[in-house]
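See below for the structure under consideration.
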Amino acid sequence: MDLLEIVGGSRLKGTIPIGGAKNAALPILASSILVDGETVLRNVPDLADVRQMLLLLARLGVKSERDESGALRLRVEDEMNSHAEYELVSKMRASICVMGPLLAKRKRAQVSMPGGCAIGDRPIDLHIQGLRALGAEFDLVNGDVLLHAKKLKGTDVFLGGRFGASVTGTANVMMTATLAEGRTVIESAACEPEVIDLANYLNACGARITGQGTPQITVEGVEKLEGAEHSIIPDRIEAGTFMIAAAITNGDLELQGARMEHLRAVVDRLRRIGVIIERSEKGLSVSSARRLEPVDITTQPYPGFPTDLQAQAMALLCLADGNSAITEKVFPDRFLHVGELNRMGAHLRKEGPTVIIEGVKRLVGAQVMASDLRASASMILAGLIAKGVTRVHRVYHIDRGYERIEQKLAKVGANIRRARE
Ligand code: EPZ
């Protein structure tokens, strides 16, 4: 297995290109099941999770290839197999996004229940509730969700869960509703930019979706969808991660393609900490004052502070001049990075869904273990500033969601290299 070795202390300076959004690409790839003809997707990041989704789609009869321009071309070749098996789904929870398209297009879906993962239990009750409302018969057999429907009829669907809206739950119900008969109104829909991007792609294929980006999405069902061309939005979580890399190293980065409008809650908190963030002609420019102010952060569904940047913000606040608090309202157990940051000299104390962060003068390099995608990112950020050498093990977690992160960071001055265990 690979590890990343980081020697802390370099200030990052230069330009980093931001890739296509993983969490927009994954449901949009899954929706290729819904359409006739060829789909052409541009700006699809080359990530382990994207490759995993393409493997699953191939098993489900969707052929894909990257053309010489780097665009991904997908086409359904056969609809025989509608079983997304455990050995594929267990590797990537976002595989659940094929469930709605299989049901809508082939009227049947057999998808292995995704298990829990490092960030907590990952139920799919809202997905099932929404699809049953549209007319699906549901059964659970040997750990697989079985769904079938003679006909799917539009209806009003409430998708609010105890942690707010569900991003992929909204994606699944919205994708299914595009081919249901009549109107579907999704209440308490997720408002994430990635849901908007999915809706915009589906509309380019002939769907009739309005309200995307608001808690109420309306879908008028159509007979069929034709594959279309689409370019994936930039990845706001990758952009936020590199904003924090600029702040933690007291550097000066330009993030090409980053969009201020996708990061308002993050910009609000970082500016309070003392990070300077301005629009530049290619995206966003980020630098920071040497002294970091402590702040309180609570993660919320969009447009609130994203849970996917919680671990990264925690790494930064370890060095603030005073005590901060981070409360996790989306995945209350998403704190596996706390123990690892403490091993680097941080003073973190978990009190239920809140972590109290007592600012320290410095972090010290250590051997640390990545546990999930974003926790890995927070350890890399801490390693960039820690005194001495940090080795982040199990770096396959990071490769799921960041394309060549060590190359992007090395190009702007980080002393970081990939090594074999
Ligand atoms: C998406 O996951 C993202 N993944 C996650 O990013 C992100 O952390 C999450 O949204 C929240 O923003 C993709 O888009 C592929 P949810 P998703 O359903 O859709 C509960 C990353 O690092 N819930 O919005 O699985 C759930 O337990 C990944 O890129 C139910 O109770 O998240 C959680 O507490 C990690 N019942 C909350 O809702 C359900 O049926 C939000 O989950 C579904 C979810």
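First listed ligand is number 1; within each ligand, the first listed atom is number 1.
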Which of the atoms in ligand 1, numbered in the order shown and given with their element, are less than 4.0 Å from a heavy-atom of Ala94? 15 (C)
Please verify whether a non-hydrogen atom of Arg334 lies at under 4.0 Å from ligand 1. yes
Does the Arg374 side chain pair with the main chain of Thr241, one donor and one acceptor, at a distance under 3.5 Å? no
Is the backbone N or O of Leu348 less than 3.5 Å from a side-chain atom of Asn342, with the two atoms forming a donor-acceptor pair by type? yes
List every atom of ligand 1 that sits less than 4.0 Å from any heavy atom of Lys22, numbering the atoms from 1 in the order shown and giving each element. 21 (C), 29 (O)
Hey, is ligand 1 close enough to Leu373 that some N/O pair sits below 3.5 Å? no
Atom 18 (O) of ligand 1: nearest protein contact (heavy atom, Å): Ser166 OG, 2.7 Å
I need the nearest protein heavy-atom contact for atom 25 (O) of ligand 1: residue, atom name and distance, please. Arg93 NH1, 2.9 Å
Tell me, please: is Pro123 in heavy-atom contact with ligand 1, that is, under 4.0 Å? yes
Please state which protein non-hydrogen atom is closest to atom 42 (O) of ligand 1 and give its distance, to 0.1 Å? Phe331 CZ, 3.9 Å
protein heavy-atom neighbour closest to atom 22 (O) of ligand 1 works out as Arg374 NE, 2.9 Å
Taking NZ, NE, NH1 and NH2 as the nitrogens, is one of them in Glu328 or Arg334 under 4.0 Å from a carboxylate oxygen of the other? no
Hey, is the main chain of Pro294 close enough, under 3.5 Å, to the side chain of Ser324 for a donor-acceptor pair? no
shortest atom 2 (O) of ligand 1-to-protein heavy-atom contact is with Arg122 NH2, 3.6 Å
Protein contact to atom 3 (C) of ligand 1 [nearest heavy atom, distance to 0.1 Å]: Asn23 ND2, 3.6 Å
Mark yes or no for whether Asp67, through its side chain, and Ser69, through its backbone, hold a donor-acceptor pair below 3.5 Å. yes
For Asp296, is there an ion pair with Arg269 - N to carboxylate O distance below 4.0 angstrom? no
For ligand 1, is any non-hydrogen atom under 4.0 Å from Leu126's backbone (N, CA, C, O), its side chain (CB onward), both, or neither? both
Answer yes or no: is there an ion pair linking Lys224 with Glu226, defined by an N-O contact shorter than 4.0 Å? yes
Identify, for atom 41 (C) of ligand 1, the protein heavy atom at the shortest distance, and state residue, atom and that distance. Val330 CG1, 3.7 Å
Does Asp36 pair with Lys105 as a salt bridge, N-O distance under 4.0 Å? yes
For Ile124, atoms of ligand 1 separated by under 4.0 Å from a heavy atom: 39 (C), 40 (O)
Between Glu238 and Gly19, is there a donor-acceptor pair closer than 3.5 Å when you use the side chain of the first and the backbone of the second? yes
Side chain to side chain donor-acceptor pair (under 3.5 Å) evaluation trace for Thr39 with Tyr201: CA-CA 10 Å; Thr39 274; Tyr201 163 67; 2.5 Å; yes
Nearest non-hydrogen protein atom, atom 8 (O) of ligand 1: Asp308 OD1, 2.6 Å
So is Asp121 in contact with ligand 1, going by heavy-atom distances below 4.0 Å? yes
Going by the 4.0 angstrom heavy-atom rule, the piece of His127 near ligand 1 is both
Contact with ligand 1 for Gly161, non-hydrogen, under 4.0 angstrom: no
Taking only heavy atoms of Phe163 into account, list the atoms of ligand 1 that are under 4.0 Å away from them. 34 (O), 37 (C), 38 (O)
So that I can tick it off, tell me whether Glu293 and Arg272 are bridged by a salt bridge, with the cut-off set at under 4.0 angstrom between side-chain N and carboxylate O. no
Where the side chain of Thr168 meets the backbone of Ala171, is there a donor-acceptor pair that is under 3.5 Å apart? no
Ligand-residue contact atoms, ligand 1 with Thr307, heavy atoms, under 4.0 Å: 8 (O), 11 (C), 12 (O)
